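Since the model is a prediction, treat every value here as computed from it, not as a measurement.
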Amino acid sequence: MMARLTALPFFVLLMGLGALSMLVPAVHGLLMEDFVTMRVFFYGTILFGFLTLVLGLATAGYAPRSVARSQLITLIASFAGLPVLFAIPFYEAIGNTSFLDAWFEMVSSFTTTGATVYDGAGRLTPSLHLWRATVGWMGGLLVWVTAIAIFAPMNLGGFEVRAKGGVGRGAGALFNQIGSAIDPSERLTRFALQLTPIYIGLTFALWIGLVMLGEVPYIALCHAMAVLSSSGISPIGGFYFAASGVWGEVLIFAFFVFAISRLTFTPANGLDRDGSLLRDPEVQVAIALVLGSTLLLYGRHFIGSIDEDGAIGLAGWLEALWGTVFTVTSFLTTTGFESRYWVSAADWSGLETPGLFLVGLALIGGGVATTAGGVKLLRVYALYRHSERELERLLHPSSVGGGGGEARRIRRQGAYISWIFFMLFAISVAGVMLLLSLTGVQFETAMVLAVAALSTTGPLASIAAENPIAYSGIPELAKGVLAVAMVLGRLEALAIIALFNPEIWRK
């Protein structure tokens with residue numbers, strides 16, 4: 001049975017899983033006596049389940065010439081096409097919205113961006129909020145599996161920094177066993193079976209923890225799925241009104257580590273020599289960024305309060321410090337949750353636009369093979385090591401850089417491809433800004449929206465700009481541009497460019 005299922009095209013399997021997931025809001029609607037939502041999503045399960053069955057029978061004997069190429073194309077088609085499937089019952093259940101808004105909402109959720117056109121928390125029913133969180137959660141799981149099963153052997157998604165092979169050229173020496181001895185379809189199934197229980201278990205653990213801290217079970221489940229998928233989707237607009245309080249934020253803060261380093265949920269491979277979490281360069285860079293940003297934001301207020309002789313109290317200082325640390329880490333992982341104490345921390349910092357720090361952190365993003373978006377910490381680390389080596393050569397031109405072959409590879413080829421990706425990312429931001437400006441969006445607003453879409457950090461719009469930006473207020477054509485940018489940011493430009501590599505089209 002499992003062999004027959006894995007023989008089906010990847011897109012058909014994703015359609016089937018999407019159809020089954022519609023039972024979640026259907027059952028929740030039944031329990032909440034929201035019978036309209038229950039009927040719409042139950043009928044959606046039947047309709048799209050039947051469509052999946054027909055497509056599965058029609059493509060049962062399909063054998064692509066290159067499974068790896070087919071999976072990469074299917075992944076792009078999935079993030080672009082599956083939101084249409086998810087949006088149909090969502091659109092019917094709301095009733096008083098446009099299909100464009102419903103599709104935009106599902107693209108945002110599935111790419112784990114978390115941007116919403118339904119600004120008010122009461123605009124949607126609890127079952128529809130749960131559907132948004134579920135779609136984002138599934139998108140996060142898809143990123144986990146495909147990053148290891150598809151991107152890693154092809155040296156994409158950040159793996160190209162430490163790998164020996166070229167970008168998009170398949171496995172190098174360290175992936176020979178994975179890339180050559182094992183069929184790509186079998187590899188996808190194996191990692192899916194390996195990572196899915198971990199993903200579900202972590203979500204369940206966070207959910208139970210939030211419930212024990214006093215959170216409403218439905219809200220706790222949405223927040224747990226939003227944290228693990230780094231989508232930042234919340235049915236109550238964030239943590240300001242969360243019943244779990246500051247201890248809920250502390251618990252969620254501990255789970256941010258899964259968006260910083262893949263070593264927290266995957267075993268060490270040939271690229272990770274000792275598998276130690278504290279020695280992981282991504283963790284080290286993340287700690288440095290969080291501490292540095294916190295000191296910059298918090299230190300300005302500390303200096304200003306000394307000049308003004310302000311008496312805030314120890315509790316106020318601790319609240320402001322915690323609000324800064326939590327929010328900075330949340331945006332570095334591209335989750336986008338704001339601490340309930342961030343407002344006071346931002347006011348006390350003395351900075352007119354503290355959100356600009358969050359824009360920079362979201363651009364950097366989290367770890368490779370995690371649900372976080374952005375440029376990725378490993379690429380920033382490669383650029384840092386290259387800069388460090390170049391400065392050392394200025395002082396000592398005849399010096400020899402140590403660290404072994406892997407360190408030299410990161411400083412040379414890794415830094416080179418990281419710089420190329422950074423330039424591609426910058427060009428993408430400029431291109432999206434230009435397109436948004438042509439639709440009538442103001443320049444500053446276009447900058448924040450472009451970064452939010454490409455880094456998959458939708459909540460940036462409400463906190464990074466001088467005045468909160470409402471996605472519902474932008475032109476319809478601009479929503480289409482942002483939806484494409486979300487897919488591009490989720491898949492990364494290198495993955496799409498790799499399709500133009502002649503080697504991937506060879507038999």
Side-chain angles (χ1 to χ4, degrees), residues 83 97-109 111-121 123 231-234 237-238 240 293 296-297 327-328 330-332 334-338 342-343 346-347 349-365 373-375 422-490 493:
T97 188
S98 65
F99 187 78
L100 176 64
D101 286 348
W103 172 73
F104 177 88
E105 194 76 15
M106 292 298 99
V107 172
S108 172
S109 299
T111 57
T112 71
T113 303
T116 178
V117 296
Y118 306 101
D119 304 314
R123 178 72 168 80
S231 64
I233 296 174
S234 173
Y240 189 82
S293 300
L296 288 173
L297 288 171
T327 306
V328 163
S330 176
F331 277 86
L332 179 64
T334 68
T335 304
F337 276 136
E338 178 184 350
W342 167 251
V343 176
D347 292 338
S349 66
L351 298 173
E352 296 181 357
T353 54
L356 292 178
F357 276 86
L358 304 182
V359 171
L361 291 171
L363 278 173
I364 294 173
V375 177
F422 185 81
M423 289 295 101
L424 289 174
F425 196 92
I427 293 173
S428 300
V429 171
V432 174
M433 288 178 59
L434 176 61
L435 293 176
L436 290 176
S437 299
L438 292 176
T439 63
V441 179
Q442 295 182 354
F443 178 81
E444 294 181 0
T445 302
M447 185 273 290
V448 175
L449 292 178
V451 174
L454 290 171
S455 65
T456 65
T457 316
L460 270 178
S462 61
I463 190 174
E466 183 176 358
N467 297 313
I469 303 171
Y471 286 96
S472 58
I474 63 177
E476 293 187 352
L477 186 58
K479 294 176 184 177
V481 173
L482 288 177
V484 175
M486 292 175 193
V487 176
L488 176 62
R490 180 74 278 174

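- Interatomic distance, CG of Asp119 versus CD1 of Ile469, reported as 11.5 Å (0.5 Å rounding).
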Could you go through residues 423-444 and list every donor-acceptor pair under 3.5 Å that involves a side-chain atom there, pairing it with any protein atom two or more places apart or in another chain?
residue: Ser428; atom: OG; partner: Leu424; partner atom: O; Å: 2.8
residue: Ser437; atom: OG; partner: Met433; partner atom: O; Å: 2.8
residue: Thr439; atom: OG1; partner: Leu436; partner atom: O; Å: 2.5

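- In this structure, the separation between CG on Leu358 and CH2 on Trp342 is 4.5 Å, given to the nearest 0.5 Å.
- In this structure, Phe337 and Ser234 approach most closely via the heavy-atom pair CE2-CB, 3.9 Å.
- Every side chain to side chain donor-acceptor pair (under 3.5 Å) that Thr335 has, sequence neighbours left out, goes to Thr333.
- Each of Leu296, Thr327, Val328 was evaluated against Phe357; a single residue qualifies, Leu296, per the side-chain contact (heavy atoms from CB on, under 4.5 Å) test.
- The minimum heavy-atom distance linking Ala461 with Val448 is given by the pair CA-CG1, 4.0 Å.
- By the side chain to side chain donor-acceptor pair (under 3.5 Å) test, Ser109 pairs with no residue at all, sequence neighbours left out.
- The line from CD1 of Ile463 to OG of Ser330 is 8.5 Å long, rounded to the nearest 0.5 Å.
- In this view, Ser231 and Ser229 satisfy the side chain to side chain donor-acceptor pair (under 3.5 Å) rule, not counting sequence neighbours.
- For Ala102, the side chain to side chain contact (heavy atoms under 4.5 Å, CB included) partners two or more places apart in sequence, or in a different chain, are Ala87, Phe90, Tyr91, Tyr118.
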Extract all donor-acceptor atom pairs below 3.5 Å that involve side chains of residues 478-490 and protein atoms in other chains or at least two apart in sequence.
residue: Lys479; atom: NZ; partner: Asp101; partner atom: OD1; Å: 2.6
residue: Arg490; atom: NH1; partner: Thr112; partner atom: OG1; Å: 2.6
residue: Arg490; atom: NH1; partner: Thr371; partner atom: O; Å: 2.9
residue: Arg490; atom: NH2; partner: Thr371; partner atom: O; Å: 3.2
residue: Arg490; atom: NH2; partner: Ala372; partner atom: O; Å: 3.1

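- More than 12 non-hydrogen atoms from other residues, nucleotides or ligands lie less than 6.0 angstrom from CZ of Phe99.
- Screening residues 452-464 for side chain to side chain donor-acceptor pair (under 3.5 Å), with sequence neighbours left out, gives Ser455-Thr457.
- Shown here for Gly336 and Pro459, the closest heavy-atom pair between the two residues is O-CB, 3.2 Å.
- Not counting sequence neighbours, the partners of Phe422 by the ring pair (Phe, Tyr, Trp, His ring centres under 6.0 Å) test are Trp419.
- Under the side chain to side chain donor-acceptor pair (under 3.5 Å) criterion, Thr334 pairs with no residue at all, not counting sequence neighbours.
- In this structure, Glu476 CD and Phe104 CZ are separated by 12.0 Å, a value rounded to the nearest 0.5 Å.
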Fill in: Chi angles and distances behind the side-chain contact (heavy atoms from CB on, under 4.5 Å) call for Trp103, Leu100
CA-CA 5 Å; Trp103 172 73; Leu100 176 64; 3.8 Å; yes
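- At least one side-chain heavy atom of Thr97 sits less than 4.5 Å from a side-chain heavy atom of Arg123.
- Smallest separation of non-hydrogen atoms from Tyr471 and Thr116: CB-O, 3.5 Å.
- The structure places CD1 of Ile233 at 9.0 Å from OG1 of Thr113, a figure rounded to the nearest 0.5 Å.
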